[in-house]
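In the text below, chain A, chain B and the rest are named by the order of the sequence lines, each starting its count at 1.
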Amino acid sequence: MKRQYITTPIYYVNARPHLGHAYTTIVADALNRFAALTGKQTFFLTGTDEHGDKIVKAAQAAGQTPGEYCDAISAAYQSLWPKLGVAPSAFIRTTDPAHALTVKAALQKVHDAGDIYFGEYGGHYCFGCERFYTEKELQGGVCPDHQTKPEYIAEKNYFFKMSKYQDRLARHIRENPDFIRPAQYRSEVLSILDSGVLEDLCISRPKSRLTWGIELPFDAGYVTYVWFDALLNYVSALGWPDGKNFADFWPSAQHLVAKDILKPHAIFWPTMLMALGLPLYNHLNVHGYWLSRDTKMSKSVGNVVDPEAMAEKYGLAGLRYFLLREMTFGSDASFSEQSLTARFNADLANDLGNLLSRTLTMVHKYCGGAVPAAGEPEAEERAIIELASDALENFHALFGALQFSRALESLWELIRALNKYIDAQAPWTLFKEGRTAKLGLALYTVLEAARKAVVHLVPVMPEAAGAMLVQLGFGPLPKDYDLTDEIGSWGFLPAGASVAASSNQFPRIDATPGAMPEKPAKTAKPCPAAPAPAPCPAPSPAAAQTPAQPATETEGCPEIEFADFQRLDLRVGTVVAAAKVAGADKLLEVLIDIGEGSPRTVVAGIAEFHDPDALVGRQVAMLANLKPRKLRGVVSRGMILAVRREGGLELLSPANPVPSGAKIS
RNA sequence: GGCGAGGUAGCUCAGUCGGUUAGAGCAUGCGGCUCAUAUCCGCAGUGUCGGGGGUUCAAUUCCCUCCCUCGCUACCA
């Protein structure tokens with residue numbers, strides 16, 4: 001079984017998530033989905049880094065304990081990911097007790113091996129800042145913040161013998177050209193390694209100065225500082241040393257980071273792995289910054305972009321597509337709502353959205369809404385089939401090599417060619433002239449080629465691509481579906497499948513200043529009532545399906561498409577724990593296992609009728625992809641389904657036990 | 001200062017292991033179609049490929065040098 005383990009950095013909880021965090025994590029998510037769709041077993045890790053000086057200070061400033069503060073910011077990250085369509089396999093926190101045990105075990109191991117020593121660390125210490133300054137950081141010999149002269153103090157600390165592994169690391173990087181990519185960062189690291197002897201890494205802080213950290217196993221007077229704590233998350237999340245996930249996934253590890261943490265990941269971490277006797281990761285993938293108004297985003301400049309607001313304003317698909325399409329992986333790129341709008345309108349609305357819209361309309365007008373029989377391809381169709389095959393082959397090669405921009409561009413070559421093909425074939429003329437065989441052939445060619453393009457957008461925009469596949473009559477992806485089967489093949493779209501009457505997947509965004517772009521609609525319009533003539537070649541009776549009926553209404557709710565139903569992630573979960581929410585009469589905080597690794601927290605308004613203790617072990621139906629929401633300070637991720645009756649509230653449960661997380665359909 | 005990356009059409013970028021008229025998308029102008037989300041298709045461009053020098057029959061692509069931007073690192077050779 002081929003596998004892929006991909007990680008983002010764990011994000012430091014001294015600030016709320018911004019676009020940079022979102023980019024890294026969305027890239028990881030897209031790569032993870034792509035791997036899963038190409039037959040790999042995957043593990044995707046993200047999390048939060050929560051120890052250190054700055055956290056203690058930030059917590060104090062917020063009037064909280066470090067623990068409370070970390071919980072709050074970590075929750076902000078955890079609840080952001082589903083809003084960005086990101087679905088990690090696990091979320092690690094450095095304050096997780098299991099992580100602390102791993103870090104201690106690793107420190108002990110490296111200490112036993114003789115690669116950690118006790119030494120003196122001297123520097124200019126500013127008591128106001130509670131930190132050391134190097135000579136060059138001091139301006140005119142005084143602290144830049146406090147304008148006071150720092151005191152030179154010597155402090156005993158523990159050091160990791162990084163220099164011992166310097167040559168071995170340099171050799172490894174030379175022998176494995178893909179170890180650090182893109183190549184510009186590889187040469188940067190080699191240049192650091194070649195330019196002199198590495199300084200050993202200071203890995204501790206005395207408890208007299210810092211207690212918010214993991215205690216050294218060999219000296220209770222110290223906590224470990226920064227990198228031994230943070231970097232080890234990549235193996236502790238897999239259950240190192242004995243976890244099955246570690247054995248399964250570590251050999252396929254690759255990390256994704258922004259360029260600011262190149263050195264820790266390219267130098268500290270591999271040498272730590274060497275000291276631990278562990279194999280190195282396969283790839284370190286390094287990306288650049290998103291610039292806003294031509295400079296790096298920063299709070300003081302006030303140009304920080306909020307990813308959640310962008311997702312709400314432009315839709316998930318638009319945001320994720322833009323991020324992957326606009327940045328050349330490795331280089332910096334500029335973010336602006338103007339370029340996002342331009343990209344959205346040109347690529348998604350005009351090219352792709354309109355392609356689907358015009359095609360589906362024609363299938364309904366000319367073919368009764370069913371996928372026509374393919375027929376025998378002629379020269380023009382063979383050209384499209386070949387182009388599709390080339391485009392997809394390129395896409396696979398480029399996407400896997402992190403060249404998302406070029407990968408998507410090659411997909412768009414196909415999409416643009418389809419618009420051109422439609423113009424050349426002019427189905428409206430074929431229809432008028434009664435040339436039904438060619439008409440069916442032309443529309444089938446467009447539908448099938450569009451499907452092949454859209455299916456490759458699933459990793460980029462899972463939800464929107466899924467909806468488009470349904471509109472195209474292909475429906476949700478089969479369980480054992482493998483994207484690689486799309487290269488060099490043709491005709492997966494079954495004739496006779498009914499297609500949506502229309503598609504308004506990516507409505508153009510009004511670019512006029514001040515206009516508030518609407519969130520793109522994600523549902524298909526209802527079918528028009530008028531049944532169209534059906535001159536297209538009839539599909540084989542076995543494949544024929546009932547054409548969509550005109551919209552009707554049921555008890556006040558408008559009739560919906562099957563695709564609408566599919567947007568609901570309904571599952572059966574098992575209650576692991578339940579407790580009353582403090583200060584609320586009706587709310588229970590319920591932990592529900594839905595087979596995700598860690599149980600979900602759901603806040604449910606059922607406390608009036610249900611005793612928390614009686615709920616444990618019970619299976620309940622829940623809506624799992626409801627937008628997370630904070631209720632009474634608790635983030636609720638989902639809702640429990642229930643029926644209200646007089647004097648009570650019945651929870652929905654399966655009549656017989658089912659696996660936790662079983663999908664309701 | 002050293003090291004690394006980059007400087008290609010108005011914008012965002014691709015590309016050239018040296019070789020006929022240097023590409024794409026967006027934006028701009030003109031024309032066409034009507035199935036479509038005022039969408040789509042066609043045509044039209046423009047560029048001393050950062051400056052200068054060198055090697056070569058031939059350089060945007062190789063070498064040298066200078067300028068500018070970004071990053072890392074440092075005053076130690």
Problem set entry | Contacts of type salt bridge (charged side-chain N to carboxylate O under 4.0 Å, His left out), residue E448(A), not counting sequence neighbours | R451(A)
Exercise. What does A342(A) touch in the nucleic acid at a heavy-atom separation under 4.0 angstrom: a base, only the sugar-phosphate, or nothing?
Worked result: nothing
Exercise. Under the salt bridge (charged side-chain N to carboxylate O under 4.0 Å, His left out) test, which residues partner D306(A), sequence neighbours left out?
Worked result: none
Exercise. NA contact type, E413(A), heavy-atom cut-off 4.0 Å: base, sugar-phosphate, or nothing?
Worked result: nothing
Could you tabulate the donor-acceptor pairs under 3.5 Å formed by side-chain atoms of residues 395-407 of chain A, not counting sequence neighbours?
from    : atom 1 : to      : atom 2 : distance (Å)
H396(A) : NE2    : H456(A) : NE2    : 2.9
Q403(A) : OE1    : R406(A) : NH1    : 3.4
S405(A) : OG     : R325(A) : O      : 2.8
S405(A) : OG     : R325(A) : NH1    : 3.0

Seminar exercise, completed: Sequence neighbours excluded, the answer for salt bridge (charged side-chain N to carboxylate O under 4.0 Å, His left out) partners of D49(A) is none
Exercise. Under 4.0 Å between a side-chain N or O of R358(A) and OP1 or OP2 of C40(B)?
Worked result: no
Problem set entry | Inter-nucleotide C1' distance (U34(B), U28(B)), Å rounded | 25 Å
Exercise. Tell me, which pairs form a salt bridge (charged side-chain N to carboxylate O under 4.0 Å, His left out) where one or both residues lie in residues 369-384 of chain A, sequence neighbours left out?
Worked result: E378(A)-K438(A), E380(A)-K438(A), E381(A)-K438(A)
For this session: On RNA chain B, check which nucleotide each of R343(A) and N350(A) is closest to and give me the residue with the more 5' one.
Result: R343(A)
Problem set entry | Axial cation check for Y12(A) ring with K54(A), 6.0 Å and 45° limits | no
Contacts table for residues 259-269 of chain A: side-chain donor-acceptor under 3.5 angstrom, sequence neighbours left out:
from    : atom 1 : to      : atom 2 : distance (Å)
K259(A) : NZ     : D332(A) : OD1    : 2.9
K259(A) : NZ     : D332(A) : OD2    : 3.1
H265(A) : ND1    : I261(A) : O      : 3.0
H265(A) : NE2    : Y234(A) : OH     : 2.7
W269(A) : NE1    : H255(A) : NE2    : 3.0

Exercise. Among the nucleotides A24(B), U73(B), A36(B), which one has an atom lying closest to any side-chain atom of K365(A)?
Worked result: A36(B)
For this session: Not counting sequence neighbours, which residues clear side-chain contact (heavy atoms from CB on, under 4.5 Å) with P462(A)? List them please.
Result: R33(A), R320(A)
Problem set entry | Residues which pass salt bridge (charged side-chain N to carboxylate O under 4.0 Å, His left out) with D390(A), listed by chain and number, not counting sequence neighbours | none
For this session: Using whole Å, report how far CG of L262(A) lies from C1' of C70(B).
Result: 15 Å
Are there any protein N/O atoms within less than 3.5 Å of an N/O atom in nucleotides 41-45 of chain B, and if so, which ones and at what distance?
from   : atom 1 : to      : atom 2 : distance (Å)
C41(B) : O4'    : D423(A) : OD2    : 2.9
G42(B) : OP1    : K420(A) : NZ     : 2.6

Exercise. When you measure from the side chain of I422(A), which nucleotide among A24(B), C70(B), C35(B) comes out closest?
Worked result: C35(B)
Short heteroatom pairs, N/O only, protein and nucleotides 1-8 of chain B, under 3.5 Å:
from  : atom 1 : to      : atom 2 : distance (Å)
C3(B) : O2'    : S191(A) : OG     : 2.8

For this session: Can you tell me, in whole Å, how much space there is between the P of G45(B) and that of A36(B)?
Result: 33 Å
For this session: Scan for salt bridge (charged side-chain N to carboxylate O under 4.0 Å, His left out) pairs involving residues 366-375 of chain A, sequence neighbours excluded, and state none if there are none.
Result: none
Problem set entry | Consecutive Watson-Crick or G-U pairs in runs of at least 3, all under 3.5 Å, in which RNA chain B is involved | B:1-7 with B:67-73, B:10-13 with B:23-26, B:28-32 with B:40-44, B:50-54 with B:62-66
